[in-house]
Amino acid sequence: MLQLQVIRENKDAIINALKKRNFDAKPVLEKVLDCDEKRRSLQTKLDSVLAESNKLSKDIGFLFKSGKADEANVLKAKTTSLKEDSKKLSDELNQAANQLNDLLYQIPNVPNETVPAGSTDEDNEEVFREGVIPELASNALPHWELAKKYDIIDFELGVKITGAGFPVYKGKGARLQRALISYFLDKNVEAGYTEMQVPHLVNETSGFGTGQLPDKEGQMYHIGEDNLYLIPTAEVPITNLFRNEIISAKDFPICYTGYTPCFRREAGSYGAHVRGLNRLHQFDKVEIVRVEHPENSYDALNQMVEHIKNILRELKLPYRILRLCGGDLGFTSALTFDFEVFSTAQDRWLEISSVSNFETYQANRLKFRFKDENGKKHLVHTLNGSALALPRVLAGILENYQTENGIEIPEVLQPYCGFERID
RNA sequence: GGAGGAAUGGCAGAGUGGUCGAAUGCACUAGUCUUGAAAACUAGCGAGGGUCACACCUCCGGGGGUUCGAAUCCCUCUUCCUCCGCCA
């Protein structure tokens, strides 16, 4: 969430910037400032009541010790009304603080100045394109047909044991999945990211920490009995590793990578666009997370973009990069680049990675700070990106690498797969 | 799952109703000394709110209670440890 102090000092600039998201921030910001003022004045009142009662208590202690019980009892009587006051004030204070928090949760992150205005994905700005779109035979198949033809992914079996959106990978399909995970992790480690294995279930506090709660409650699977959530992305456990931490400026940069399955309820549309691997309830993803000094976070974002470009070049997949417009930008992000692979057989672009700088938005919720050389504390900047999400990469490979003799395996993956072709 | 014990500052660890945000040691930071380092010595060293700055307020695992006053007493939750049982 946004920092109160920043809101106090830059109200108009924030209102202006949030227009790019088509978000009218004026009413909520004014409420925030009102509420904040109310909170502070209650706090001051409460503090002075407590100060007085602390003082009386001390006096009473001294009086009892010196045997002046009568005088002590007189003071005791005085504390009764103070107690009532403090109870009342602290209730009001709590209420104001909660209200303030609820308001702050409703305000999305302020977009970076380079974010284009716009309301839908059609307004996203293409900033880069690379790779050769292969010419396929006229009878080229979409991946769900290929999966069936070569018996490498079974969607019906997944329906049988769980439900729609939970595919079963078989034989070379399973092996290719495992190969992709290992390959991505190896590339990330090579680039300086430390590999982590983290829990796939998180508690409520973690959900709030990265911003999935409260506004995306319905998108996560919830285990009511234990009040735990299945992670929608490794971003949640990995970023929450740092909740309530204060690191030293020397610790930058922190670069982590991790593979996890991801679970999304995504009660959404059905149809051709969500067929096959295009949209799933469970899928695999390798994530990269960075923690940076505020001055370096945009350099870091560029490095992450370059890193993902390299992977896609090695895989020889045609892709493009989009700078998301205000309307398409995630709630917590200040700037996001989406990577899309072109699926020739489907004749459309498939999103395979999303790389974002959250600036201090997540750090503020997480209370994740660093100490500078002078010992002053500041919020860090957090960033993350997929490197990469498996299903659509797999779809892209199956579709773009199909030949009359089967599906060729990209060269860099062959050592991981142990075979060169699916046939 | 059963029985018992514990949770205090970055770590270790004292503190069982008042002057305790909290001894002491280690670690850390700065300075002195040294060619440099180490050692020694000196000083500093938790977090949040609040203030121009002080003052002041809150926090001893979380929540609630008793009391004029709680790290200390009571209730509850969570976590960890030991023993037994079960188990990949």
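Residue numbers start from 1 in every chain, and the chains themselves are labelled A, B, ... in the order their sequence lines are given, proteins ahead of strands.
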Worksheet item: At under 4.0 Å, does any side-chain N or O of A:R39 touch on OP1 or OP2 of B:G50?
Response: yes
Worksheet entry | Complementary nucleotide of B:C73, counting Watson-Crick and G-U pairs under 3.5 Å | B:G65
Discussion item. For B:G48 and A:K377 - does any side-chain N or O of the residue sit under 4.0 Å from the phosphate oxygens OP1/OP2?
Written reply: yes
Practice prompt. Report which part of the nucleic acid A:T79 touches: base, sugar-phosphate, or nothing (heavy-atom distance under 4.0 Å, all strands).
Written response: sugar-phosphate
Item to complete: For B:C83, give its Watson-Crick or G-U wobble partner with both distances under 3.5 Å, or none.
Response: B:G2
Response to the item:
Residue pairs passing the side chain to side chain donor-acceptor pair (under 3.5 Å) test with at least one member in residues 248-257 of chain A, sequence neighbours excluded, are A:N188-A:T257
Practice prompt. For B:U78, give its Watson-Crick or G-U wobble partner with both distances under 3.5 Å, or none.
Written response: B:A7
Worksheet item: Side chain of A:R21, backbone of A:L329: donor and acceptor closer than 3.5 Å?
Response: yes
Worksheet item: Which base, if any, makes a Watson-Crick or G-U wobble pair with B:U29, both distances under 3.5 Å?
Response: B:A43
For nucleotides 8-10 of chain B, tabulate all protein N/O to nucleotide N/O atom pairs closer than 3.5 Å, reporting atom names and distance.
none

Fill in: RNA chain B contacts made by residues 94-102 of chain A, counting heavy atoms under 4.0 Å
none
Worksheet item: Closer than 4.0 Å, any side-chain N/O of A:K371 to the OP1 or OP2 of B:A47?
Response: yes
Discussion item. What is the distance, to the nearest angstrom, from the NZ atom on A:K58 to the P atom on B:A70?
Written reply: 12 Å
Counting only pairs under 3.5 Å, give me each side-chain donor-acceptor contact of residues 387-402 of chain A, with atom names and distances, residues two or more places apart or in other chains.
from	atom 1	to	atom 2	distance (Å)
A:R392	NE	A:N278	O	2.9
A:R392	NH1	A:E351	O	2.8
A:R392	NH2	A:N278	O	2.7
A:E399	OE1	A:S343	OG	2.0
A:E399	OE1	A:Q346	NE2	3.4
A:E399	OE2	A:H143	N	2.6
A:E399	OE2	A:H143	ND1	2.8
A:E399	OE2	A:Q346	NE2	3.0
A:N400	OD1	A:T344	N	3.1
A:N400	OD1	A:T344	OG1	2.6
A:N400	ND2	A:F342	O	2.9
A:Y401	OH	A:L315	O	2.5
A:Q402	OE1	A:L141	N	3.0
A:Q402	NE2	A:L141	O	2.8
A:Q402	NE2	A:E399	O	3.0

Practice prompt. Taking atom types as modelled, find out whether A:S119 and A:N22 have a side-chain donor-acceptor pair closer than 3.5 angstrom.
Written response: no
Discussion item. Could you work out, with salt bridge (Lys or Arg N to Asp or Glu O under 4.0 Å) as the rule, every residue matching A:D151, not counting sequence neighbours?
Written reply: A:K170
Worksheet, complete the sentence: Nucleotide by nucleotide, nucleotides 53-66 of chain B touches protein heavy atoms under 4.0 Å in the pattern (B base, S sugar-phosphate only, - none) ---SSS--------
Worksheet item: In whole Å, what is the span from the CD1 atom of A:I60 to the P atom of B:U19?
Response: 14 Å
Worksheet item: Hey, does the side chain of A:R40 come within less than 4.0 Å of B:U51's phosphate (OP1/OP2), counting only N and O?
Response: yes
Worksheet item: If you measure from the C1' atom in B:G10 to the same atom in B:U67, how many Å do you get, rounded?
Response: 35 Å
Item to complete: May I ask you to decide whether A:D36 forms a salt bridge with A:R39, counting only side-chain N to carboxylate O separations under 4.0 Å?
Response: yes
Discussion item. Any salt bridge linking A:D91 with A:K87? Criterion: basic side-chain nitrogen under 4.0 Å from a carboxylate oxygen.
Written reply: yes
